[in-house]
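Structure first, commentary second.
Heads up: numbering here begins at 1 and tracks the sequence. These values consider heavy atoms only, across backbone and side chains, with no hydrogens, waters or symmetry-generated copies.
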Amino acid sequence: MIIRERKDEFVMIQQHDHASISGDIAKNLRKEFFRNSNIEEVIIAAYEHDRSWIALDDTAIWNDQTHVPYSFMDYPFLPKLALYKLGLDEIEKISKYACLLCSLHYSSFFKNWLQPECLAFIERENLRQKSILDLINVNEETISIHLKILQFCDRLSLYVCLNEPGVEKNGEHSWYREGISHSEFFNNKGKNLIFTKWIDEEQINVSNFPFDKEFQTRLRYKTVSKELIENHGINHAYKKVDFKDHSIRFCK
């Protein structure tokens, strides 16, 4: 779950809805970035990379320490790790190459973690990655580029989710005030980061526009009032509220 706190309510976005925006971003990227290889499978990876969260986001959970619902950033570690494996198993049935990219993406979260459960997860994913690599004919450089594409799509879609529509640059989430991290590859000069800025509540300007054309996507979310949570508990309050749609356009 992605959480934005407002004065009297929380904006709550399911991770798989965030991934839907990631997929739309990947689908509209200039094809030259893909090196003419496995384009459809990279797009599948962008759409499906948060499949692990479908079960986790079915139930909203309250964090007693921070007094907000648990988000993807602080969700209890062990159930999250278990569902990561399940999600990757499901993606592998859809596309082995998409699963390879998602496995590399997930593994990057835990590079410096020493907990036994993390080490076991990394070891298991290393075996998965090796078994897929034995079946495909894609060179290491291309895989690295496709992983950059997946991670860029993830970060740009998170920009949409973590920031209030129309927010001023200095009021953005701290991850984005200096540009999208590790996005130099998508800048046509390859030296500077891609910058994003809300033009208004429905349009986002993307610098060094890396897409074929301007395009539209949508953000699916719920707004859950703090009063409703106090009266009914977080999960019951979340279930009582209907989803809303917010149209967003990426512009030059």
Side-chain angles (χ1 to χ4, degrees), residues 15-16 18-54 72 80-81 83-113 118-159 175 179-194 206 208-212 215 250:
Q15 291 286 126
H16 206 244
H18 140 70
S20 179
I21 299 175
S22 297
D24 288 348
I25 291 167
K27 191 165 65 174
N28 284 279
L29 273 174
R30 295 203 301 268
K31 297 304 178 281
E32 64 200 57
F33 291 124
F34 294 83
R35 302 289 176 92
N36 296 314
S37 172
N38 299 76
I39 294 173
E40 289 304 317
E41 290 173 294
V42 179
I43 293 171
I44 289 171
Y47 273 118
E48 298 296 338
H49 76 274
D50 274 336
R51 175 165 283 273
S52 302
W53 283 93
I54 293 174
F72 72 101
K80 181 165 64 174
L81 205 60
L83 268 295
Y84 279 178
K85 178 190 178 298
L86 178 62
L88 289 167
D89 291 345
E90 292 177 356
I91 296 168
E92 189 167 6
K93 293 174 184 176
I94 299 169
S95 162
K96 288 193 176 294
Y97 189 67
C99 180
L100 171 66
L101 297 176
C102 293
S103 176
L104 290 166
H105 178 50
Y106 278 37
S107 297
S108 71
F109 301 163
F110 305 113
K111 276 185 178 176
N112 300 314
W113 293 47
C118 279
L119 296 175
F121 176 82
I122 293 292
E123 183 178 357
R124 187 169 56 242
E125 290 309 310
N126 285 342
L127 291 173
R128 187 200 303 269
Q129 292 159 20
K130 184 179 184 308
S131 71
I132 295 173
L133 285 167
D134 288 342
L135 297 173
I136 64 175
N137 183 26
V138 184
N139 64 56
E140 189 174 317
E141 182 184 3
T142 300
I143 293 169
S144 176
I145 287 169
H146 289 166
L147 180 59
K148 285 181 182 177
I149 290 173
L150 171 59
Q151 293 174 331
F152 173 73
C153 295
D154 181 44
R155 292 181 183 116
L156 180 52
S157 59
L158 275 174
Y159 173 85
W175 291 354
I180 297 179
S181 61
H182 307 293
S183 61
E184 295 92 340
F185 175 76
F186 302 93
N187 179 325
N188 55 14
K189 294 184 180 178
K191 294 181 180 179
N192 299 314
L193 297 176
I194 296 284
V206 183
N208 300 293
F209 202 68
F211 304 106
D212 288 323
F215 68 97
F250 289 101

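Shortest non-hydrogen contact noted between Ser52 and Gly87 is OG-CA, 3.3 Å. Here the shortest heavy-atom pairing between Leu135 and Lys96 reads CD1-CD, 3.8 Å. Across every non-hydrogen atom of Ser20 and Tyr47, the tightest pair is O-CE2, 3.3 Å. For the residue pair Pro210 and Phe186, the shortest heavy atom distance occurs at CB-O, 3.8 Å.
Residues meeting the side chain to side chain contact (heavy atoms under 4.5 Å, CB included) test with Leu158, sequence neighbours left out: Ile2, His18, Phe72, Asp154, Leu162, Trp175, Tyr176. For Glu125, the salt bridge (Lys or Arg N to Asp or Glu O under 4.0 Å) partners at least two apart in sequence or on another chain are Arg128. Under the rule for a side chain to side chain contact (heavy atoms under 4.5 Å, CB included), the partners of Gln151 that lie at least two apart in sequence or sit in another chain are His105, Ser108, Leu147, Arg155. With sequence neighbours excluded, the residues that form a side chain to side chain contact (heavy atoms under 4.5 Å, CB included) with Ile39 are Lys31, Phe34, Ile43. Qualifying side-chain hydrogen bond (donor to acceptor under 3.5 Å, both in side chains) partners for Ser22, counting only residues two or more places apart in sequence or in other chains: Ser157. Taking the salt bridge (Lys or Arg N to Asp or Glu O under 4.0 Å) definition, one finds that Lys80 meets it with nothing, sequence neighbours left out.
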Full working for side chain to side chain contact (heavy atoms under 4.5 Å, CB included) between Phe109 and Phe121: CA-CA 11 Å; Phe109 301 163; Phe121 176 82; over 6 Å; no

Worked verdict on Ile54 versus Glu90 for side chain to side chain contact (heavy atoms under 4.5 Å, CB included): CA-CA 11 Å; Ile54 293 174; Glu90 292 177 356; 5.5 Å; no

Residue pair Asn38, Thr142: steps toward the side chain to side chain contact (heavy atoms under 4.5 Å, CB included) verdict: CA-CA 9 Å; Asn38 299 76; Thr142 300; 5.6 Å; no

Worked verdict on Lys85 versus Asp89 for salt bridge (charged side-chain N to carboxylate O under 4.0 Å, His left out): CA-CA 6 Å; Lys85 178 190 178 298; Asp89 291 345; 2.8 Å; yes

Stepwise side chain to side chain contact (heavy atoms under 4.5 Å, CB included) test for Val42 and Tyr97: CA-CA 8 Å; Val42 179; Tyr97 189 67; 4.1 Å; yes

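With Tyr106 contributing its side chain and His49 its backbone, the two residues share a donor-acceptor pair below 3.5 Å. Between the side chain of His146 and the backbone N or O of Ser37, at least one donor-acceptor pair lies under 3.5 Å. Between the side chain of Arg30 and the main chain of Phe209, a donor-acceptor pair closer than 3.5 Å is present. A distance-only check finds no donor-acceptor pair linking the side chain of Ser107 to the backbone of Ile122 [under 3.5 Å].
Proximity of Ile132 to Gln129: side-chain heavy atoms (C-beta onward) are nowhere separated by under 4.5 Å. Counting heavy atoms from C-beta outward, Phe152 and Phe185 have side chains that stay 4.5 Å or more apart. With contacts defined as side-chain heavy-atom distances shorter than 4.5 Å, the pair Cys153/Leu29 qualifies.
A distance of 9.5 Å separates OG of Ser144 from CZ of Arg35, quoted to the nearest 0.5 Å. One distance of note links CD1 of Ile145 with CD of Glu141; it measures 4.5 Å at 0.5 Å rounding. Between atom CD1 of residue Ile91 and atom OG of residue Ser103 there is a gap of 9.5 Å, rounded to the nearest 0.5 Å. Going from atom CG of Leu193 over to atom CD of Glu184 covers 4.5 Å, rounded to the nearest 0.5 Å. Here the CG-CG distance, from Leu100 to Leu133, works out to 5.0 Å after rounding to the nearest 0.5 Å. Of the inter-residue distances, the one linking Leu150 atom CG with Ile25 atom CD1 reads 11.0 Å to the nearest 0.5 angstrom.
Between the side chains of Glu48 and Ser95, no donor-acceptor pair of N or O atoms lies under 3.5 Å.
No more than 12 heavy atoms of other residues, nucleotides or ligands sit less than 6.0 Å from atom CG of Asn36. Other residues, nucleotides and ligands contribute at most 12 non-hydrogen atoms within 6.0 Å of the CD atom of Glu140.
Salt bridge annotation for Asp134-Lys130: present, with a cationic side-chain nitrogen under 4.0 angstrom from a carboxylate oxygen.
Between Phe211 and Phe250, the ring planes lie tilted relative to each other; the angle falls in the 30° to 60° range.
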